[in-house]
A.B. asks: 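Would you mind keeping the following structure in view while I ask a few things?
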Number of protein chains: 2
Amino acid sequence: MLPGYALRCRMNVLPPCLNSIKSEAPAAVRCEACPAPWMHCSVRKFQKGQYPFSQGDAQGYVYRVQSGGLTLFLSLANGRRQVVDFAFPGDLVGLGSHRQFQFTAQAITRTELRCIPRDELRLQSLKDARIASMLYETAAFQLEEAYDHILTAGQRGSEGKLAAFLLAMSRRNVHHGDDPAVVHLPMLRTDIADYLGLTAETVSRTFTNFKAQGLIKIVDQRHVRLIEPRSLVRLANAIAASG
Amino acid sequence: MLPGYALRCRMNVLPPCLNSIKSEAPAAVRCEACPAPWMHCSVRKFQKGQYPFSQGDAQGYVYRVQSGGLTLFLSLANGRRQVVDFAFPGDLVGLGSHRQFQFTAQAITRTELRCIPRDELRLQSLKDARIASMLYETAAFQLEEAYDHILTAGQRGSEGKLAAFLLAMSRRNVHHGDDPAVVHLPMLRTDIADYLGLTAETVSRTFTNFKAQGLIKIVDQRHVRLIEPRSLVRLANAIAASG
DNA sequence: CGTGTGTTTGACCAGTCTCAAGAGCCGTGG
DNA sequence: CCACGGCTCTTGAGACTGGTCAAACACACG
């Protein structure tokens with residue numbers, strides 16, 4: 001349909017030059033492949049609910065989430081939204097070859113974004129095969145997540161969808177070195193609903209449902225403890241039947 | 001969830017060396033960037049229903065569809081399938097860095113696949129930034145399509161989903177130089193259903209529904225003529241509300 | 001011309017959406 | 001410190017879509 005895409009990536013699949021941005025230190029480490037440009041990156045702060053960029057905006061930068069989080073979504077003609085992805089610290093947003101942002105970003109909480117000049121990134125990737133290759137891997141990683149999303153959203157029933165979502169968020173936790181059993185859900189129920197193709201009411205009901213079944217424990221509105229992950233896996237039967 | 005992904009691409013976003021494969025002629029054209037390896041590619045033929053590869057198979061080649069078509073899907077633990085994509089002549093299947101195929105391919109009709117050695121493609125991409133860069137663009141293109149799929153499958157209601165699907169297939173037709181008004185649907189209704197997250201019955205009913213509304217005309221089981229594309233666009237309200 | 005597969009159609013039912021109201025949480029201001 | 005207002009989340013009841021099961025039909029193949 002409409003060309004709705006962009007790239008987001010985990011920092012650890014990026015070239016070393018970009019990894020050096022990770023630390024707040026003024027870039028003691030350089031690699032010969034990547035000249036100075038990355039180091040000039042400024043940081044912008046956004047309040048909860050603000051839109052760092054909207055679909056159609058000219059895209060001059062690639063953003064790296066420093067703290068907080070983003071909801072990435074498409075606005076549809078009928079007023080609905082399709083949440084494409086969430087971005088958390090370490091994720092990159094806005095890679096790809098389009099001149100304009102293909103979707104809108106909204107800050108989930110107070111969020112800091114580091115701005116990486118897009119053109120220079122592109123120039124470097126054309127000069128250095130290692131960078132281009134890394135970008136390719138990054139895109140492939142993105143694609144993996146996108147297919148995972150298709151799989152999750154393609155689940156029949158609200159239980160399967162939400163279970164798959166919780167497990168996916170749990171895996172993200174692991175990725176950030178957090179406890180896989182306690183899932184942090186900073187986004188609104190509405191965002192989860194628009195991500196899964198459900199309504200906020202159904203999401204809420206399904207949470208209550210899981211709680212009643214003893215599958216999860218709702219610590220507070222933003223934290224869920226997974227009590228029976230195996231049961232959740234069974235519900236989210238999006239497990240490739242190998243062979 | 002599970003690492004279910006792979007790359008497929010349109011030929012025209014590939015490096016020139018790969019484009020030369022396009023013609024059946026024994027590669028009169030070479031580009032200095034790409035040495036001989038591409039030229040050795042053999043062609044394998046598959047009957048309707050056969051599986052060129054399955055998820056978990058060791059992945060030695062990247063395949064280019066010469067004729068026919070493929071359904072790419074994931075088998076789920078509960079016996080259901082999630083169709084990830086369809087591949088038609090000119091499309092590449094199996095890019096990406098995984099050692100094994102992440103999903104299964106099934107021939108829609110009699111299908112010819114050209115086999116491109118995967119390791120050599122990778123080696124070349126590491127040596128030549130242009131190839132790596134092209135692969136990156138390709139992956140970005142794939143991602144665009146994946147997000148489009150999310151959008152389509154995320155539609156509420158069967159009419160929106162099917163309308164979006166028909167329009168997407170129509171655009172593919174244009175891409176191949178065919179009439180955008182007559183959509184060719186070589187795949188099974190079941191495959192369309194598993195692509196959209198519906199059942200075959202619902203897909204069938206919705207087709208009948210569209211026909212009754214005068215939106216489409218069913219030429220034969222594999223060809224649909226779009227009578228009121230604008231109405232279909234309205235149904236598939238997956239149109240980014242710009243601004 | 002039969003057989004098997006794929007497709008259409010029908011009836012019934014489960015599940016989700018819609019609309020609506022109430023409960024909880026948080027920041028603000030008195 | 002408490003009261004207020006707004007927003008989010010939860011819960012409820014009814015309508016409706018799409019899933020399931022079952023059967024008839026159409027088509028391709030040998």
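Bear in mind the structure is a predicted one, so any value in this text is a computation, not a measurement. Residue numbers begin at 1 in each chain, while the letters A, B, ... track the order of the sequences.
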A.B. asks: Encode nucleotides 20-30 of chain D as B, S and - characters from 5' to 3', where the letter depends on protein heavy atoms closer than 4.0 Å: B to the base, S only to sugar-phosphate, - to neither.
C.D. replies: BB---------

A.B. asks: Among residues 184-197 of chain A, which residues get a heavy atom nearer than 4.0 Å to DNA chain C?
C.D. replies: A:Gly197

A.B. asks: Nearest 0.5 angstrom please: B:Asp85 CG to B:Leu70 CG, how far?
C.D. replies: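 Atom-to-atom, B:Asp85:CG and B:Leu70:CG are 10.0 Å apart.
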
A.B. asks: If only side-chain N and O atoms of B:Arg222 are considered, is one of them under 4.0 Å from the OP1 or OP2 phosphate oxygen of C:dT7?
C.D. replies: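 Answer is yes, contact under 4.0 Å.
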
A.B. asks: State the CZ-CD distance between B:Arg114 and B:Gln66, to the nearest 0.5 angstrom.
C.D. replies: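 One finds 4.5 Å between CZ of B:Arg114 and CD of B:Gln66.
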
A.B. asks: State the CZ-OG distance between A:Arg80 and A:Ser75, to the nearest 0.5 angstrom.
C.D. replies: 11.0 Å

A.B. asks: In plain terms, say whether A:Glu145 and A:Arg172 are close enough for a salt bridge, that is, a side-chain N and a carboxylate O under 4.0 Å apart.
C.D. replies: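 Yes, A:Glu145 and A:Arg172 are salt-bridged.
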
A.B. asks: Kindly state which residues belonging to residues 207-215 of chain A come within less than 4.0 angstrom of DNA chain C, counting heavy atoms of the residue only, listed by number.
C.D. replies: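 Contacting residues: none.
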
A.B. asks: Which part of the nucleic acid, if any, lies within reach of B:Ser158 when heavy atoms closer than 4.0 Å are counted: base, sugar-phosphate only, or nothing?
C.D. replies: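 If one applies the 4.0 Å heavy-atom cut-off, B:Ser158 turns out to touch the sugar-phosphate alone, with no base involved.
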
A.B. asks: Do side-chain atoms of B:Asn173 reach the backbone of B:Ala181 as a donor and acceptor pair under 3.5 angstrom?
C.D. replies: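 It does not hold such a pair.
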
A.B. asks: May I have the distance from B:Ile218 (atom CD1) to C:dT7 (atom C1'), rounded to whole angstrom?
C.D. replies: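 So the two atoms are 10 Å apart, to the nearest Å.
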
A.B. asks: Going by heavy atoms in the side chains, are B:Gln106 and B:Tyr51 under 4.5 Å from each other?
C.D. replies: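 SC-SC contact between B:Gln106 and B:Tyr51 confirmed.
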
A.B. asks: For A:Gln155 and D:dG18, give me the distance from atom CD to atom C1', rounded to whole Å.
C.D. replies: 17 Å

A.B. asks: Would you tell me whether A:Glu112 and A:Ser67 have side-chain atoms, one donor and one acceptor, within less than 3.5 Å of each other?
C.D. replies: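 Looking only at side-chain atoms, A:Ser67 and A:Glu112 do form a donor-acceptor pair, the distance falling under 3.5 Å.
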
A.B. asks: Please round to 10 degrees the angle between the axis of the first five pairs and the axis of the last five pairs in the helix from C:dC1-D:dG30 to C:dG30-D:dC1.
C.D. replies: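 Answer rounded to 10°: the end axes differ by 40°.
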
A.B. asks: For B:Tyr147 and A:His149, I'd like to know if the aromatic rings sit close, meaning centre-to-centre distance below 6.0 Å.
C.D. replies: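 No - the distance between ring centres of B:Tyr147 and A:His149 does not fall below the 6.0 Å cut-off.
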
A.B. asks: Can you pull out every ring pair (Phe, Tyr, Trp, His ring centres under 6.0 Å) where at least one residue sits in residues 57-77 of chain B? Sequence neighbours excluded, please.
C.D. replies: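 Qualifying pairs, neighbours excluded: B:Phe53-B:Tyr63.
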
A.B. asks: Run A:Thr202 and A:Ser158 through side-chain hydrogen bond (donor to acceptor under 3.5 Å, both in side chains) and show every step you take.
C.D. replies: CA-CA 7 Å; A:Thr202 301; A:Ser158 55; over 6 Å; no

A.B. asks: Between A:Arg81 and A:Asp191, does any NZ, NE, NH1 or NH2 come within less than 4.0 Å of an OD or OE carboxylate oxygen?
C.D. replies: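 A:Arg81 and A:Asp191: salt-bridged.
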
A.B. asks: Quick one: on DNA chain D, does B:Val203 or A:Ser204 contact a more 5' nucleotide (nearest heavy atom)?
C.D. replies: A:Ser204

A.B. asks: Kindly list each side-chain donor-acceptor pair under 3.5 angstrom involving residues 209-224 of chain A, sequence neighbours excluded, with atom names and distances?
C.D. replies:
residue: A:Asn209; atom: OD1; partner: A:Gln213; partner atom: NE2; Å: 2.9
residue: A:Asn209; atom: ND2; partner: A:Glu159; partner atom: OE2; Å: 2.7
residue: A:Gln213; atom: NE2; partner: A:Glu159; partner atom: OE2; Å: 3.3
residue: A:Asp220; atom: OD1; partner: A:Arg222; partner atom: N; Å: 2.6
residue: A:Asp220; atom: OD1; partner: A:His223; partner atom: N; Å: 3.1
residue: A:Arg222; atom: NH1; partner: A:Met187; partner atom: O; Å: 3.2

A.B. asks: What is the separation between atom CG on A:Asp220 and atom P on D:dT10, rounded to the nearest whole Å?
C.D. replies: 11 Å

A.B. asks: Counting only N and O atoms by type, is there a donor-acceptor contact under 3.5 Å from the side chain of B:Thr111 to the main-chain atoms of B:Phe46?
C.D. replies: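 No.
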
